[in-house]
Amino acid sequence: MLEKTSVKTLENVVVRFSGDSGDGMQLAGNIFSNVSAGMGDQISTFPDYPAEIRAPQGTLSGVSGFQVHIGRGVHTPGDQADVLVAMNPAALKRHCSYLKRGGVAIVDIDSFREQDLKKALYTTDDPYREIGLDAQVVEVPISSMVKDALADSGLDLKSMLRCKNMFALGLVCWLFDRPLDAALHHLKNKFSRKPAIYEANAKVMRAGYDYGNNIHASVSTYRIESSDARPGTYTDVNGNTATAWGLIYASEKSGRPLFLGSYPITPATDILHELAKRKDLGVKACQMEDEIAGICSAIGASFAGNLAVTTTSGPGLALKSEGLGLAVMAELPLVVIDVQRGGPSTGLPTKTEQTDLRQALYGRNGESPVVVLAAASPTDCFHMAFEAARIAIEHMTPVVLLTDAFIANGSSAFRLPDEDEYPAIKPRFVAEADRENWRPYDRDPQTHARFWAIPGTPGLAHRLGGLEKDSRTSAISNDPQNHEKMVLLRQAKVDAVANDIPELEVYGDPQADTLVVGWGGTFGHIHEAVDSLNAEGRHVAMAQFRYINPLPKNTGEVFARYKKIVVAELNLGQFADFVQAKFPAAQIRRINKIQGQPFLVEEIKEGVIKAMEE
């Protein structure tokens, strides 16, 4: 008789799926995340793609991972996993360091043959001892059980083995008490046009779930305490999709049609994919022939009265620099979204960094100021995309929104906003009563923004372009005094945006004299590090910047309250240099990482403790 299952109740749990890039780890992880979000769990995910395209099967360079953190108080995908699913020896070797001591490692023992071990560069016939694995190892003959389950399906062997990920998913759903029907629902949506493929995968998923029931005495199971979510409609969404939705919502709230002109580039391409599917919402998405054409088409659309957007990553932002300068000179609303990745040059296309900040701030010739924003999480991409569009339209300026591969590919549970949750966006059109005496560079006295004159509107004919213009008539001007005046006006317009953004908020111990500062996608890791440090009796606070240029108006006042400011960022100190130049008296320390991977919470804690003890 089997013993009663050992059940562990936890506030949160981390699961990591790993296998070859063709093993479907991303799909398994995404379905598990969606099911957990539907149960009311907070979630955070980290898809870890290999950099190589179609690396040899079973090799270390071809390992793909997907880590998901579910439960309460979730802000990051977690430093280490409670459960690691490894579909082959390479996946186990590559990702065993992400498994907690005493955790559960589920391995497809059918893939641990002698030739498989050699491909993964093992030198002994005991892989667990060789890599120092300290875990409950559950050896499951996944491949053979999948073949048995699908013996009468009519599928060939290769097609059968493509279903292995669903066996692993079924087993993990049992392990964490996830409803199998919910997982099957998401699977059916995925393969709605391929019923035979759905039936095969569904059968294998049920087999994995049943296998878990049959072995339940040999491994601990987990019950996760769900959080008390704010009432509303939730869905699991990644950062790129949330960005696209934020732009669509801004289009609706502004009454301006949305135009996207972009060239595909990893890891930003999914924004183009999502918007290309939204013709039903009036979106015009054009895949252009290159990055320069992408931004130039968007500038033309902006001139014609559209909410104009172009998306890219670091290499593409470099190519767009002259076009961005043109938008600054023409004073047109434009949103440029840069999903940052490892560099320089083409660098690490599938890995994350925060190394484009200087390029966003200064990467143009001449005095060419733009507004720079940064999203803090996958769901915050929705809000900051909306904000980028709002500021661009209401202040008649280009806005660069920085996300990164970590939050763009990662996902969180997203609550769909209520109808009145976001304000109307108010374009600055020339009033009909003012057309007779209107001049192209008439400006709003508070914001210094010029008015939007749509081509074809009677009485609003004017010149725009890349050459300096007269401050009143917009005729080409080489007058030195006029040029300086226009440079100062364009800078004043960007500076005035500080009056239209939230002040900097501080979180943590109110008695702290150490402030941990981050920007963009480091939010979750800093938040958990600060919570952990305060729980240990250290007095620490944090501030996360989403508005970078201009900075929130109270930044100087906040900095002045702390003896030490520790800036944590995934670069060599670009934001630290920026704020040090703005506030020379601030005592700034740095925590930096440039490995193509997000921070671990422990790395930030160690850096803060070191700074506090100096």
Side-chain angles (χ1 to χ4, degrees), residues 292 295-296 298-299 302-303 308 310 312 314 316-336 338 356-374 388 391-402 428 439-452 462-501 545 547-553 555-556 574-575 577-584:
I292 297 170
I295 192 169
C296 288
I299 290 171
S302 177
F303 183 69
T310 188
T312 192
L317 185 61
L319 292 169
K320 293 181 190 291
S321 61
E322 186 177 1
L324 188 51
L326 172 59
V328 171
M329 176 65 84
E331 299 192 48
L332 288 168
L334 174 70
V335 176
V336 180
D338 174 14
D356 293 348
L357 179 59
R358 286 199 187 103
Q359 184 175 203
L361 289 167
Y362 309 120
R364 295 162 298 282
N365 62 297
E367 294 291 345
S368 188
V370 299
V371 175
V372 178
L373 311 178
I391 292 170
I393 289 174
E394 294 188 347
H395 293 265
M396 292 296 288
T397 180
V399 177
V400 177
L401 172 61
L402 298 172
R428 297 183 180 278
R439 292 291 182 270
Y441 286 107
D442 288 347
R443 298 177 184 275
D444 180 284
Q446 300 299 319
T447 66
H448 305 289
R450 75 174 190 87
F451 295 91
W452 207 354
H462 62 290
R463 302 177 183 87
L464 284 179
L467 294 173
E468 186 64 276
K469 304 295 190 294
D470 182 84
S471 64
R472 291 289 293 166
T473 67
S474 84
I476 293 173
S477 172
N478 291 311
D479 178 72
Q481 299 302 320
N482 176 79
H483 174 55
E484 183 170 279
K485 178 181 179 180
M486 291 296 282
V487 166
L488 294 174
L489 280 169
R490 289 188 287 265
Q491 183 63 57
K493 181 176 65 173
V494 171
D495 292 341
V497 172
N499 299 319
D500 194 27
I501 59 176
F545 284 84
Y547 300 85
I548 294 177
N549 191 44
L551 292 167
K553 289 192 297 183
T555 301
Q574 296 185 17
F575 188 68
D577 290 344
F578 179 66
V579 293
Q580 185 73 84
K582 296 279 187 182
F583 308 103

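Since the model is a prediction, treat every value here as computed from it, not as a measurement.
- Nearest heavy-atom pair across Ala298 and Ala308 is O-CB, 3.0 Å.
- Remark: Lys493 engages Glu331 in a salt bridge, criterion side-chain N to carboxylate O under 4.0 Å.
- Summarising the geometry, atom CZ belonging to Arg439 is positioned 11.5 Å from atom OG belonging to Ser471; distances are rounded to the nearest 0.5 Å.
- Between Val336 and Pro398, every side-chain heavy-atom pair lies at or beyond the 4.5 Å cut-off.
- Atom CG of Leu464 is separated from atom CG of Leu332 by 5.5 Å, given to the nearest 0.5 angstrom.
- Here the side chains of Ile295 and Leu326 are not in contact, with every heavy-atom distance at 4.5 Å or above.
- Across all their heavy atoms, Ser368 and Val328 have their closest contact at OG-CG2, 3.5 Å.
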Could you walk me through whether Val487 and His483 satisfy the side-chain contact (heavy atoms from CB on, under 4.5 Å) test, starting with their C-alpha distance in whole Å, then the side-chain angles of each, then the deciding distance to 0.1 Å, before giving a yes or no?
CA-CA 6 Å; Val487 166; His483 174 55; 3.5 Å; yes
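- Although no hydrogens or angles enter the test, the distance criterion places no donor-acceptor pair under 3.5 Å between the side chain of Thr397 and the main chain of Ala392.
- Salt-bridge check for Arg428 with Asp444: passed, with a basic side-chain N closer than 4.0 Å to an acidic carboxylate O.
- Interatomic distance, CG of Asn482 versus CZ of Arg472, reported as 12.0 Å (0.5 Å rounding).
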Start with the C-alpha gap between Tyr547 and Ile391, add the side-chain angles, then the distance that decides, and say whether side-chain contact (heavy atoms from CB on, under 4.5 Å) holds.
CA-CA 11 Å; Tyr547 300 85; Ile391 292 170; 4.3 Å; yes
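- In this structure, CG on Asn499 lies 8.5 Å from CD on Gln446, to the nearest 0.5 angstrom.
- Within the 4.5 Å cutoff, no side-chain heavy atoms of Leu467 are placed close to those of Asn478.
- Residues Arg364 and Val370 come closest through the heavy atom pair NH2-CG2, 3.5 Å.
- Checked by atom type and distance alone, the side chain of Asp577 never pairs as donor or acceptor with a backbone atom of Gln574 at under 3.5 Å.
- Closest approach of Ile548 to Leu361, counting heavy atoms only: CG2-CD2, 4.4 Å.
- Taking all atoms of both residues into account, the shortest heavy-atom contact from Phe303 to Trp452 is O-NE1, 4.4 Å.
- Without hydrogens or angle criteria, Lys553 side chain to Leu551 main chain gives no donor-acceptor distance under 3.5 Å.
- Once rounded to the nearest 0.5 Å, the distance linking NZ of Lys469 with CZ of Arg463 reads 9.0 Å.
- Contact of the Ile299 side chain with the Leu334 side chain is registered, since non-hydrogen atoms from C-beta on lie closer than 4.5 Å.
- The closest side-chain heavy-atom distance from Phe578 to Phe545 is not below 4.5 Å.
- The closest side-chain heavy-atom distance from Leu489 to Lys485 is below 4.5 Å.
- Between the side chain of Asp470 and the backbone N or O of Thr473 there is at least one donor-acceptor pair closer than 3.5 Å.
- Within 6.0 Å of atom CD in Glu484, 12 or fewer heavy atoms from other residues, nucleotides or ligands are found, so the atom counts as exposed in its surroundings.
- Within the 4.5 Å cutoff, no side-chain heavy atoms of Lys320 are placed close to those of Ile292.
- Ion pairing between a basic and an acidic side chain is recognised when a charged N comes within 4.0 Å of a carboxylate O; Glu468 and Arg490 show such pairing.
- Residues Tyr441 and Met329 approach most closely at OH-O, 3.8 Å, considering heavy atoms.
- For the pair Gln359 (side chain) and Gly363 (backbone), a donor-acceptor distance under 3.5 Å is absent.
- No donor-acceptor pair closer than 3.5 Å links the side chain of Asp356 to the backbone N or O of Asp338.
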